[in-house]
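The structure appears right after this line, and notes come after that.
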Amino acid sequence: MNDYISTFYNDIYHIIDNLIKDNIIPKDFNIKKINVDFSSKSKRGDISTNLYIILNKSLIKKDFELKNYILFEFNKLSYLNKITFSNNGFINLILNDDYIFSKLIEVIKKNHEYGKIILKNKDKNINIEYVSANPTGPVHVAHMRGAVLGDVLSNILSFVGYNVTREYYVNDTGTQINILGKSLYKRYLQLLGEQIEIEKDEYPGDYLIKIAKNILDNHKNEIIKKNIKDKDIFFKNYAVKEIIKTIKIDLKNLGILFDTYTHESSIIDNNSNINEVFKILKEKELLYEGFLNKPKGEDIKNWKPRKQLLFKSSYYGDDSDRPLKKENGEWTYFANDSAYHYNKINRNYNLLINVWGADHIGYVKRMKSIVDAISNSKVSLNIIVCQIVKLIKNNQSLKMSKREGNYILIKDLLKDVGKDPLRYYMISTKNETPIDFNIDEVIKQNKDNPVFYCQYAYARSSSVINKFKNDNILNSENLINKKIDFKFISKYEREIILQIIAWPYIIFQSSTLCQPHRITNYIENLSTIFHSFWNKGKDHSEYRLIDNSNINKTISKIIWIDSMRIVFRNAFKLIGIEANEKM
RNA sequence: GCGCUCUUAGCUCAGCUGGAUAGAGCAUCGGUUUUCUAAACCGAGGGUCGCAGGUUCGAAUCCUGCAGAGCGCGCCA
């Protein structure tokens, strides 16, 4: 990372190190209190810092001339042009124009690589598991947010150099899958002319009829020969296989692909995973047979104290210990999931990321506990919980019920809304905030809609560049060798340029905090200041981008416009939306 | 009852992990097209950052309590 913000941070840290060495501030000085502000709104400088305020407070040598010292040190930094202290102690700084230009040319040189960070620990392997919707029906709204978030986060993390594995965990065993198989069998019988009744817990969706028809057409003879048990297995497996197929298609249309699908059945079939987990926990004395307390408040029918095999997750800060075995001796879902995470740990990941829906929020602590336990605290698990998406149409929130199977499907939303707005909206709000997704607003193709607002900014800027496609001097490929002349650059453009060259820092924040919404905030801001500048050209010809009478002026402007386009393209690519040069 | 998350303009959301006068968009009102894309721009009004304490030079941001909303709470996955 060598953007101007990170560079300045590093130089500040250097100064602090020296002050500690010279015993002027204490060794335990908290470096995190130092802040560098690059917000273009402050208008007090290109960047500013609270360095003086914070250092002044922690001085051991009270008579130390701190102000002069900082001035002396900052004067050594070649990229700074002007240093001023405000009355309340903030330091405001203006950057060197040549420095800014060198950063801008870097954008053009690096092009689609611009914004990549050279990480210190670049060999880090990350596994990111998302969607993992149960293969009992098509993917719907509830899965959408996590799907897009997981995808964009994967894009960002691999962009900054991690080895990222995108993984989908298929829960293809257990009670629900048995019910699914039964439901499909009923549909099959129905097609054969039998009277059937779909019971309360069974799956009523039409998609099973289609699958049943497929079986009838292709496998009828084969089924007749099977005994009851084999029939159960056949229908169960067939249902899962077909449903996963449609899930893959729906997600692909949303722009989402996975590297690996791991099936729960494969984790369980091979008992080694769960046996290993059991062994480790036993060695660590984290297992015991015992009783759980009945949860207070809510009445639980048929509550009976039960002796169960329990994991001491409370040792790791969980609210209660958690059962690993059911009464009938089967492993619980939690046990299987532990085995699955053990499997992931064994695949040599340094970091596991799980993207979950809000309905799993109660499982965060126990999952972190078990990963901590079985990995000897070597692997960390980061769980990102997405709040719900409430769909609104005609000013009414759409009611959905699982039982009636009337969830809005991703497939249908893609048809109504389109991929780009859907993806954009799913990540432009930070994951902890619930989204009110107003379908009527999102399909608008104007400034009400931030996706089109940003895409339009890209198209507008492209229209300028494309004017010079066939111009030997001014075409975009030749810009690297050209020089920007700051006398043609207005203060408004300078602001835009400062935003453009802040892009690597945005990537840094977005990747380390796992917050893709910082990218959409950033490009919305970039779009705003660009549109605003564009319109200035209407009243004031000096702000116009093309000046046929002055080629050096035009070159200077085209350089930053093309750099901005590169940043837009890179941002759009990470988000997974189109960059169209014409709209 | 317990846990996690949330509460910022009429609405939808930001607020850069403690900074300077709290920001956008929508909605409302008023203006800007013989000109590189008006799918845009400019201006106005609109706020006790849920409430109350605390921490310090400084709090929307951190801590505590309270109120409200969402999700979850032993054999569903």
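Reminder, nothing fancy here: chain letters follow the sequence lines and each chain counts from 1. As the structure is a prediction and not an experimental result, all values here were calculated from the model.
- Comparing the same atom, P, in B/rG43 and in B/rC49 gives a spacing of 26 Å after rounding to whole Å.
- Among the protein residues, A/Ser86 comes within range of the nucleic acid bases, having at least one heavy atom under 4.0 Å from a base atom.
- Summarising the geometry, the separation between NE2 on A/His517 and P on B/rC13 is reported as 13 Å, rounded to the nearest angstrom.
- Taking the O4'-C1'-N9-C4 or O4'-C1'-N1-C2 dihedral as appropriate, B/rU34 has a value more than 90° from 0 and is therefore anti.
- Contact annotation: A/Lys304 side-chain N/O to B/rG74 OP1/OP2 distance is not under 4.0 Å.
- Comparing the same atom, C1', in B/rG46 and in B/rA38 gives a spacing of 27 Å after rounding to whole Å.
- Within the 4.0 angstrom heavy-atom criterion, base atoms lie near A/Asn92.
- Using atom P as the reference point in both B/rA44 and B/rU64, the two lie 41 Å apart (nearest Å).
- Separating the P atom of B/rG15 from that of B/rC62 is a span of 12 Å, rounded to the nearest Å.
- One distance of note links CZ of A/Phe38 with CG of A/Leu95; it measures 12.5 Å at 0.5 Å rounding.
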Check the pair A/Lys344 / A/Glu167 against salt bridge (charged side-chain N to carboxylate O under 4.0 Å, His left out), numbers first and verdict last.
CA-CA 10 Å; A/Lys344 284 200 249 187; A/Glu167 182 150 334; 5.4 Å; no
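- When heavy atoms are screened at a 4.0 angstrom cut-off, A/Ala457 is found touching no nucleic acid atom at all.
- If you measure from atom CG of A/Asn30 to atom P of B/rU55, you get 20 Å, rounded to the nearest angstrom.
- Contact annotation: A/Thr175 side-chain N/O to B/rA77 OP1/OP2 distance is under 4.0 Å.
- Among the atoms of the strands shown, base atoms are found under 4.0 Å from some heavy atom of A/Asn50.
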Between A/Lys365 and A/Ser313, does the side-chain contact (heavy atoms from CB on, under 4.5 Å) criterion hold? Intermediate values first, please.
CA-CA 8 Å; A/Lys365 281 186 185 172; A/Ser313 55; over 6 Å; no
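- Atom NZ of A/Lys582 is separated from atom P of B/rU37 by 10 Å (rounded to the nearest Å).
- Rounded to whole Å, the C1' atom of B/rG54 lies 34 Å from the corresponding atom of B/rC11.
- Here B/rC75 is the nucleotide among B/rC75, B/rC71, B/rC41 with the atom lying nearest to any side-chain atom of A/Arg306.
- Between A/Leu526 and A/Phe530, every side-chain heavy-atom pair lies at or beyond the 4.5 Å cut-off.
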Full working for salt bridge (charged side-chain N to carboxylate O under 4.0 Å, His left out) between A/Lys182 and A/Glu202
CA-CA 8 Å; A/Lys182 239 185 251 171; A/Glu202 294 177 339; 5.7 Å; no
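- A centroid separation of less than 6.0 Å is found between the aromatic rings of A/Phe508 and A/Tyr505.
- Comparing the same atom, C1', in B/rU61 and in B/rU7 gives a spacing of 14 Å after rounding to whole Å.
- Among the heavy atoms of the strands lying under 4.0 Å from A/Glu264 are primed sugar atoms or P, OP1, OP2 only; no base atom is included.
- Atom OH of A/Tyr315 sits in a sparse spot, with 12 or fewer heavy atoms from other residues, nucleotides or ligands closer than 6.0 Å.
- A/Thr49 places no side-chain N or O within donor-acceptor distance of the main-chain N or O of A/Val36, the cut-off being under 3.5 Å.
- Backbone-only contact: A/Lys467 has heavy atoms under 4.0 Å from sugar-phosphate atoms and none from a base.
- Counting any heavy atom pair closer than 4.0 Å across all strands shown, A/Gln515 reaches no nucleic acid atom.
- Counting any heavy atom pair closer than 4.0 Å across all strands shown, A/Tyr363 reaches a base atom.
- Spacing of P atoms, B/rA60 relative to B/rC66, comes out at 23 Å, to the nearest Å.
- The same atom, P, is picked in B/rG25 and in B/rC6; the two are 26 Å apart, to the nearest Å.
- The nearest whole Å value for the distance from the CD1 atom in A/Ile5 to the P atom in B/rU17 is 11 Å.
- Between the A/Asn50 side chain and the A/Asn35 main chain, a donor and an acceptor come within less than 3.5 Å of each other.
- Here the straight-line distance linking atom CG of A/Asn354 with atom CG of A/Asp337 works out to 8.0 Å at 0.5 Å rounding.
- When heavy atoms are screened at a 4.0 angstrom cut-off, A/Ser463 is found touching base atoms of the nucleic acid.
- Straight-line distance from the CG atom of A/Asn35 to the P atom of B/rU56: 20 Å, rounded to whole Å.
- Here A/Lys536 lies out of heavy-atom contact (under 4.0 Å) with every strand.
- Comparing A/Asn134 and A/Phe437 by the nucleotide of RNA chain B whose heavy atom lies nearest to each, the residue mapping closer to the 5' end is A/Phe437.
- Distance A/Asn525 CG to B/rA24 C1': 9 Å, rounded to the nearest Å.
- In this structure, A/Ile388 places its CD1 atom 13 Å from C1' of B/rG72, rounding to the nearest Å.
- Nearest nucleotide to the side chain of A/Arg544, out of B/rU37, B/rC36, B/rC41: B/rC36.
- Within the 4.0 angstrom heavy-atom criterion, base atoms lie near A/Ile54.
- Of the two residues contacting RNA chain B, namely A/Gly174 and A/Pro323, the nearest-nucleotide position lying further toward the 5' end is that of A/Pro323.
- Under the 4.5 Å side-chain criterion, counting only non-hydrogen atoms from C-beta, A/Phe533 is in contact with A/Ser490.
- For RNA chain B, runs of at least 3 consecutive pairs of the Watson-Crick or G-U wobble type, with both hydrogen-bonding distances under 3.5 angstrom, map to B:1-7 with B:67-73, B:10-13 with B:23-26, B:28-32 with B:40-44, B:50-54 with B:62-66.
- What separates OH of A/Tyr492 from P of B/rC42 is a distance of 10 Å, to the nearest Å.
- Residue A/Trp356 places none of its side-chain N or O atoms closer than 4.0 Å to OP1 or OP2 of B/rC71.
- With hydrogens and angles ignored, a donor-acceptor pair under 3.5 angstrom links the side chain of A/Ser48 to the base of B/rA20.
- For A/Phe90 and B/rA20, the ring-to-base geometry satisfies the stacking test (centroid distance below 5.5 Å, interplanar angle below 30°).
- Among all heavy-atom pairs drawn from A/Asn580 and A/Tyr458, the shortest one is O-CD2, 3.4 Å.
- Residue contacts for A/Arg322: at a heavy-atom cut-off of 4.0 Å it reaches no nucleic acid atom on any strand shown.
- A/His531 places a side-chain N or O within 3.5 Å of a backbone atom of A/Tyr453 that can act as its donor or acceptor partner.
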What does nucleotides 2-12 of chain B look like as a protein-contact string, B for base, S for sugar-phosphate only, - for none, at under 4.0 angstrom between heavy atoms?
-BBS------S
